[in-house]
Each structure stands twice: as C-alpha cells, then as structure tokens.
Amino acid sequence: MACRGCCCCGFGHINEDNGRFLLLAILIILYLLCGAAVFSAIEQPKEKEAKDRWQQKLDTFSQKYNLNLSDLRNFLRDYEEANVAGIRVDSLRPRWDFTGALYFVGTVVSTIGFGMTTPATIAGKIFLIFYGLIGCAATILFFNLFLERLITVIAFIMKSFHERQLKRKGGLPPVTRQASGNSEVDSLAGWKPSVYYVMLILCVASIIISCCASAMYSPIEGWGYFDSLYFCFVAFSTIGFGDMVSSQKAKYENQGIYRFGNFIFILMGVCCIYSLFNVISIVIKQCVNWILRKLECRCCQRCQRKLLRPKRNVVMPGNVRIRRNISIETDGVYESETDGRRMSGEMISMKDFLAANKVSLAIMQKQLSETANGCPRQIGSSSRHNGFSGGVGALAIMNNRLAETSVDR
C-alpha cells in the first residue's frame with residue numbers, strides 16, 4: 001500500500017522517483033562518510049610518518065651541505081613544477097611524441113585520466129575540451145553497445161544449450177528448428193539472462209583479466225603482484241589516480257609486444273568493469289526500491305492506525321473494508337461499506353461529494369442539456385396520469401422511480 005496520500009507521514013508528499021533519488025543520495029552520503037572514516041584511520045598514520053621522515057631528511061641535508069632551508073624549498077618547488085611537466089629524475093619515455101600522445105588520448109577518451117601527462121599550452125587545453133567532449137561520449141556509447149552485445153551472446157549461448165538438450169531428448173519440433181535460423185533476433189527475445197547472471201559473468205571476466213594483467217605488469221614494471229592488482233582496478237574502473245602508470249619507462253624488453261598487450265588489457269578491462277558498474281547500478285536500484293517499499297509499508301501501518309483510532313463522540317461505521325495493494329505504483333485507498341457515509345464531526349469535501357454523487361450529477365447534466373435543447377425526455381402516459389412530472393436532478397430520479405413503481409402496480 002503506497003502512502004503518497006497520507007498527510008501524517010514523511011513520505012506522503014514525495015512521489016516514487018523523488019523518493020528513490022532522495023534515498024539514494026542519503027545512502028551515497030553515508031557511504032562517503034564511512035569511506036572517509038576508514039581511509040582516514042588507515043592512511044593518516046602513514047602520512048604523518050612520511051612527513052616526519054621527509055622533514056628529518058631535509059634538515060639533515062641542509063645542515064650537511066650548509067644550505068639555507070628556504071632556498072632549498074624553493075628549489076624543490078621548481079622540481080615539482082618540472083615533475084608536472086613530465087620531467088623525472090630517472091629517464092622516462094618522451095611524453096609528447098606520437099606514441100606518447102596516443103597513450104594520452106587513450107586515457108582521455110576512456111575517462112581514465114592518469115594525470116602523468118597534461119597539456120601545458122593554452123591551445124592544447126582548448127583542443128582537449130572539444131576533443132574529450134566528443135571522444136568520451138563516443139567511448140561511453142561503445143561501452144554500452146559492448147554490454148548489449150554481451151547480453152546477446154549470453155542469450156544465444158543459453159538458447160543453443162537448451163536446444164541441444166532438447167535435440168538429445170528428441171523433444172525439439174521441426175518448426176522450431178526451421179524458425180531458429182530465420183529470425184535470430186526474435187528467437188532470442190525470450191532468452192534474456194538475469195541481471196545477477198550477467199553480473200556474475202562480468203565479475204569472473206574482470207577477475208581473470210586483472211589477474212592476467214597483473215602477472216604481466218609485476219615482472220616488467222617491477223611492481224608487487226598486489227600493487228599490480230591495485231593498478232588494474234584503478235585503471236579499469238577509470239579512476240586513474242596516476243600514482244602508478246604502466247608503460248612509462250624509456251625502454252622495455254620486447255617493448256612493442258608489451259605495449260600492445262598493455263593496450264589490449266586496458267581495453268578489455270575497462271569494457272568489463274564499466275559494464276559491471278552498469279549491472280551493479282541496476283541491483284542497487286532494486287535494493288533502493290525494496291527499502292522504499294519497506295518504509296512505505298511501515299509508514300502506512302502507522303497512518304492506518306492513526307486514521308482508524310476511535311475519536312471522542314464519534315460513531316464508527318460497523319464494517320470497514322481496507323483494500324491493500326502491494327504494488328508501490330498504486331495508491332492505497334480506504335473504502336467503507338457505507339457508500340460515502342461520513343463519521344460524525346467530519347466535514348465532507350467537494351472531492352468526496354463529487355465522487356459519491358457522480359452518477360446523479362451525470363444524469364442531472366444530461367437532463368439539463370436535453371431541457372436546454374428543447375428535447376426533454378418523454379414521460380409515459382401512465383406517469384402523467386399518476387401525476388408524476390419529469391423534473392430535473394435528484395427529485396427527477398425519485399419521481400421516475402415512483403412512476404415506474406406505479407406502472408408496475
């Protein structure tokens with residue numbers, strides 16, 4: 001039973017879409033607060049330790065070489081600016097040759113944005129705005145089409161497996177065998193897999209791709225295996241912190257094969273993780289709808305008890321029938337077998353009056369229209385003989401009933 005019409009509950013004036021949006025916003029805020037608390041408790045001691053260690057090294061270095069501490073800090077600020085431009089202490093690959101620029105635009109259109117390479121010129125920044133606007137939209141469309149094709153493939157596999165089982169048992173009719181090759185799209189309409197089944201397949205595929213990519217990154221980049229898994233998730237989910245970036249050294253063994261494998265793993269990983277996010281969002285929406293239904297049921301129960309609570313000097317109707325609807329799309333309606341009879345001390349509104357007398361009003365409007373057009377409803381001779389006139393409105397209905405009774409007699 002929905003409680004949109006209840007004036008005494010918090011969700012009474014909020015429709016379903018707004019309620020879902022508000023509840024999801026509250027859950028996201030709580031999720032952010034919990035995540036901030038967890039990361040602050042885990043990472044803040046490490047940050048303080050790193051700051052103390054760096055300050056100790058800075059003081060030791062300035063005392064050893066008799067350097068002014070402020071001049072040394074200014075020099076380090078200059079290095080930070082050079083670091084943003086791509087200058088490192090160790091030799092790295094060029095950032096803005098063709099291959100480096102190709103890696104950069106790949107991180108732009110995939111929305112990864114590692115941040116290790118950024119345009120420094122005004123022209124480059126302006127071009128990036130328009131280039132990313134079209135490229136990101138096209139890439140998101142590609143990810144959505146990838147998910148649709150994946151669902152189609154799963155449906156085809158399920159249908160083929162089912163038909164193969166029927167063929168083994170001999171239960172597949174010949175008509176079905178002929179139609180299976182004619183309209184493939186129509187035949188797959190009833191074989192759409194469950195959202196949980198698709199989510200399981202995407203989870204398994206993402207884990208396999210991440211594990212294989214980590215096995216490649218760990219020996220070549222010199223990372224630990226768990227650090228490589230961390231990089232895979234950050235890259236595939238397009239978070240792209242930029243603290244760990246693959247294929248940035250100047251030279252690798254089998255460099256061409258490694259960069260091609262890096263491209264393939266990132267492409268497959270981003271497709272799978274993006275599709276997985278879409279499927280998980282559907283599951284989250286189902287959970288939010290379930291929470292809303294639970295809240296509305298409890299709220300309506302409180303409103304129902306409040307509305308049906310006996311008032312002072314009020315005569316309650318003998319039988320009250322409540323129609324319940326489990327669907328969240330339908331409003332709950334309280335009905336009474338007294339056909340619009342109000343409780344003592346309550347005023348009837350115009351809406352309730354029209355609802356209770358809509359039949360009488362319709363007949364009255366019809367009779368008024370016939371009278372105005374000069375075509376009043378003909379009354380039988382027996383009714384004129386008995387002295388009953390046609391009239392208009394509720395009195396006309398009563399007179400007609402009396403006329404019919406007198407004719408029967």
dist Arg149:CZ -> Asn144:CG (nearest 0.5 Å) comes out at 11.0 Å
With sequence neighbours excluded, tell me which residues meet side-chain contact (heavy atoms from CB on, under 4.5 Å) with Leu141. Leu145
Residues in ring pair (Phe, Tyr, Trp, His ring centres under 6.0 Å) contact with Trp290, at least two apart in sequence or another chain: none
Sub-3.5 Å donor-acceptor pair from the side chain of Asn254 to the main-chain atoms of Ile257, do we have one? no
Review item, side-chain donor-acceptor pairs of residues 108-126, under 3.5 Å, at least two apart:
residue	atom	partner	partner atom	Å
Ser110	OG	Gly106	O	2.6
Thr117	OG1	Arg95	NH1	3.3
Thr121	OG1	Gly124	N	3.1

Output, in order, the C-alpha distance, side-chain angles, deciding distance and verdict of side-chain contact (heavy atoms from CB on, under 4.5 Å) for Asn278 and Ile282. CA-CA 7 Å; Asn278 282 338; Ile282 297 174; 5.9 Å; no
For a quick test of your reading: what N or O donor-acceptor pairs under 3.5 Å do the side chains of residues 23-38 make, sequence neighbours left out?
none

Please report the shortest heavy-atom distance between Pro45 and Ala41, naming the atom on each side. CD-O, 3.6 Å
Flag, side chain of Gln248 to backbone of Ser246, donor-acceptor distance under 3.5 Å: yes
So, for Ile209 and Cys272, which heavy atoms are closest and what is the spacing to 0.1 Å? CD1-SG, 3.7 Å
Would you please name every residue forming a salt bridge (charged side-chain N to carboxylate O under 4.0 Å, His left out) with Glu148, sequence neighbours left out? none
How would you list, by chain and number, every residue that makes a ring pair (Phe, Tyr, Trp, His ring centres under 6.0 Å) with Phe263, sequence neighbours excluded? none
Whether Glu163 and Lys167 form a salt bridge (side-chain N of Lys/Arg under 4.0 Å from carboxylate O of Asp/Glu) is what I want to check. no
Among pairs that include at least one residue of residues 57-67, which meet side chain to side chain donor-acceptor pair (under 3.5 Å), considering only residues two or more places apart or in two chains? Gln55-Asp59
Determine whether the side chains of Asp227 and Tyr217 contain a donor N or O and an acceptor N or O closer than 3.5 Å. no
Nearest atoms (heavy-atom pairs only) where Arg20 meets Val288: CG-CG1, 3.6 Å
Roughly how far, to the nearest 0.5 Å, is OG1 of Thr107 from CD1 of Ile266? 9.0 Å
Please step through side-chain contact (heavy atoms from CB on, under 4.5 Å) for the pair Asp71 and Phe75, ending with a clear verdict. CA-CA 6 Å; Asp71 294 338; Phe75 176 76; over 6 Å; no
Spell out, as yes or no, whether a donor-acceptor pair under 3.5 Å connects the side chain of Asn74 to the backbone of Ser70. yes
Note: Leu229 and Ser210 closest approach over all heavy atoms is CD2-O, 3.8 Å
Go through Ser275 and Phe143 one step at a time and tell me if the side-chain contact (heavy atoms from CB on, under 4.5 Å) criterion holds. CA-CA 7 Å; Ser275 302; Phe143 292 156; 5.6 Å; no
Less than 3.5 Å apart, which donor and acceptor atoms pair up between the side chains of residues 218-225 and the rest of the protein, not counting sequence neighbours?
residue	atom	partner	partner atom	Å
Ser218	OG	Trp223	O	2.8
Glu221	OE1	Tyr252	OH	3.3
Glu221	OE2	Ser247	N	2.8
Glu221	OE2	Tyr252	OH	3.0
Glu221	OE2	Tyr258	OH	2.4
Tyr225	OH	Cys211	O	3.3

Extract all donor-acceptor atom pairs below 3.5 Å that involve side chains of residues 230-243 and protein atoms in other chains or at least two apart in sequence.
residue	atom	partner	partner atom	Å
Tyr230	OH	Asp243	OD2	2.9
Ser237	OG	Phe233	O	2.5

Return the minimal non-hydrogen interatomic distance between Asp97 and Thr99, and the atom names on each side. OD2-OG1, 3.2 Å
Run the side-chain contact (heavy atoms from CB on, under 4.5 Å) test against Asp52 and tell me which residues pass, sequence neighbours left out. none
With sequence neighbours left out, the residues meeting side-chain contact (heavy atoms from CB on, under 4.5 Å) with Ile154 are Leu150, Met158, Pro193, Tyr197, Val198, Ile201
Spatial distance of atom NE2 (His162) from atom CD1 (Ile157) [nearest 0.5 Å]: 15.5 Å
Please list, chain by chain and in numerical order, all residues satisfying side-chain contact (heavy atoms from CB on, under 4.5 Å) with Met199, sequence neighbours excluded. Tyr196, Cys203, Leu276, Val279, Ile280, Val283
Hey, are Glu81 and Arg77 close enough for a salt bridge, meaning a charged N less than 4.0 Å from a carboxylate O? no
